[in-house]
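Step one of this worksheet: look at the structure below.
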There are 2 protein chains.
Amino acid sequence: MKKGDKNNSKNKDEALVGVLRNNGYKVTQGRISILEVFSKYHIPLNAESVSGYLKNKRVDVATIYRTLKSFEEKGILRRVDLRNDSVCFEMNDSHHHHHLVCKKCGDIEDVDVCEIDRLSKIALKNSLKFKLIIDHSLEFFGVCKTCNKV
Amino acid sequence: MKKGDKNNSKNKDEALVGVLRNNGYKVTQGRISILEVFSKYHIPLNAESVSGYLKNKRVDVATIYRTLKSFEEKGILRRVDLRNDSVCFEMNDSHHHHHLVCKKCGDIEDVDVCEIDRLSKIALKNSLKFKLIIDHSLEFFGVCKTCNKV
DNA sequence: TTAACAAATGCGAGTAATTTGCATTTAAAT
DNA sequence: ATTTAAATGCAAATTACTCGCATTTGTTAA
């Protein structure tokens with residue numbers, strides 16, 4: 001590993017520590033590791049996947065579930081609903097995006113839809129019951145080219 | 001019950017029978033009853049709720065789960081993910097709409113967003129991997145006025 | 001530094017939603 | 001009416017997730 005890489009990695013970790021502190025968390029190795037996984041893999045991950053990526057630095061699955069839920073409540077993670085059998089999350093950073101999911105093989109492609117904020121405002125304006133919209137889900141389900149050939 | 005009502009009800013059931021036949025299903029009382037529930041209540045329903053509405057005409061919960069899944073695959077029902085602890089469905093008819101869900105009390109308001117087809121086309125056009133988009137999810141999560149007061 | 005305390009974790013048991021295997025029943029084709 | 005594959009009910013199994021509690025750990029303040 002080159003010096004530069006090491007520093008980058010260190011800086012990145014320091015940024016993650018900052019995220020934890022800003023949200024009033026104790027800084028534990030487990031939470032840092034979980035954040036590292038999400039900041040490395042920009043794909044929807046469920047508790048089991050996170051656990052898999054944490055092989056070496058083992059964190060109990062109950063802790064992972066608790067952490068994911070808490071991170072979501074704080075807005076550090078966003079929940080992503082892909083209509084599979086588990087709840088997935090992604091880092092909730094500036095790189096906000098949605099997904100196209102293959103109904104056959106489950107393959108995922110990111111989708112940038114810049115108009116969702118506008119739609120959200122329209123929805124709120126037309127709403128009778130609601131005063132505040134915090135989040136939204138927007139995912140597309142289809143068939144990928146590979147599966148379509150079969 | 002008036003004659004007219006009876007006829008309407010009968011016609012409705014015949015329409016539902018048609019739905020089953022068109023999809024290659026055997027026409028069973030259970031499936032008709034389940035379709036009746038969805039065509040009567042235009043709100044997201046999970047297996048348990050359906051079971052509740054079927055009180056008199058009891059259908060086993062395993063059968064309900066099997067039926068819902070199968071109906072979704074056929075496109076008769078749409079899956080609706082409201083981020084609660086069970087999978088919900090709605091009739092997939094012309095009355096297509098989305099939802100605003102209160103994160104605190106779970107109250108739901110329907111949302112009509114007419115631009116989603118356009119977004120879907122844009123997503124497909126920009127996609128590298130996908131050839132076909134079949135469905136999408138779009139739900140908004142927020143806080144309703146009642147809960148916001150507290 | 002260290003003492004003290006609340007927060008965080010691990011572990012195991014528990015729960016709720018959903019699925020599955022299989023024997024029985026039933027709709028529909030012949 | 002007979003036959004057959006599909007559909008159902010029942011009970012057991014599975015899966016994702018949660019909870020209680022004893023122990024550990026990070027942070028605060030002396």
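Each chain gets a letter, A, B and so on, in the order the sequences are listed, and its residues count up from 1. Since this is a predicted model, take the numbers as computed values, not measurements.
Side-chain N/O atoms of B:Tyr65 include none lying less than 4.0 angstrom from OP1 or OP2 on C:dT19. OP1 or OP2 of D:dA16 has not a single side-chain nitrogen or oxygen of A:Ser86 nearer than 4.0 Å.
When rounded to the nearest whole Å, the span between CG of A:Asp81 and P of D:dA16 equals 16 Å. We find that CG of B:Asn84 is positioned 10 Å from P of C:dA17, with the value rounded to whole Å. Between B:Leu20 atom CG and C:dT26 atom C1' there is a gap of 15 Å when expressed in whole angstrom units. In this structure, NZ of A:Lys74 is placed 12 Å from C1' of C:dA7, rounded to the nearest angstrom. Atom P of nucleotide D:dC17 and atom CZ of B:Arg83 are separated by 14 Å, given to the nearest angstrom. Whole-Å rounding puts the B:Arg66 CZ to C:dT26 C1' distance at 14 Å. Atom CG in A:Leu68 sits roughly 14 Å away from atom P in D:dA16 (whole-Å rounding). The distance between atom CD1 of A:Ile64 and atom P of D:dA16, rounded to the nearest whole Å, is 14 Å.
Checked against C:dA17, C:dG10, D:dT18, the side chain of A:Asp60 finds its nearest nucleotide in C:dG10.
For B:Leu54, the side-chain contact (heavy atoms from CB on, under 4.5 Å) partners at least two apart in sequence or on another chain are B:Ser33, B:Ile34, B:Val37, B:Val50, B:Val59, B:Ile64.
Residue B:Lys40 places its NZ atom among 12 or fewer non-hydrogen atoms of other residues, nucleotides or ligands, all under 6.0 Å distant. Heavy atoms of other residues, nucleotides or ligands lying less than 6.0 angstrom from CD of B:Glu48 number 12 at most.
At a cut-off of 3.5 angstrom, the base of D:dG9 holds no donor-acceptor pair with the side chain of B:Arg58.
Each of B:Asn92, B:Thr67, B:Leu68 was evaluated against B:Leu77; a single residue qualifies, B:Leu68, per the side-chain contact (heavy atoms from CB on, under 4.5 Å) test.
Residue-level contact check: B:Asn46 touches neither bases nor backbone, having no heavy atom under 4.0 Å from any strand. When heavy atoms are screened at a 4.0 angstrom cut-off, A:Arg31 is found touching the sugar-phosphate backbone but no base atom. Heavy atoms of A:Val87 sit under 4.0 angstrom from primed sugar atoms or phosphate atoms, though from no base atom.
At a threshold of 4.5 Å between side-chain heavy atoms, the hydrophobic network of Ile, Leu, Val, Met, Phe, Trp and Tyr places A:Ile116 and A:Val80 in two separate groups.
In this structure, A:His136 and A:His98 have tilted ring planes: the angle between them lies in the 30° to 60° band.
In this structure the side chain of A:His42 never reaches within 4.5 angstrom of the side chain of A:Glu90, judged on heavy atoms.
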Can you give me the N/O atom pairs linking the protein to nucleotides 27-30 of chain C at distances under 3.5 Å, or say none if there are none?
| residue | atom | partner | partner atom | Å |
| --- | --- | --- | --- | --- |
| C:dA27 | N3 | B:Lys26 | NZ | 3.3 |
| C:dA28 | OP1 | B:Arg21 | NH1 | 3.1 |
| C:dA28 | OP1 | B:Val27 | N | 3.0 |

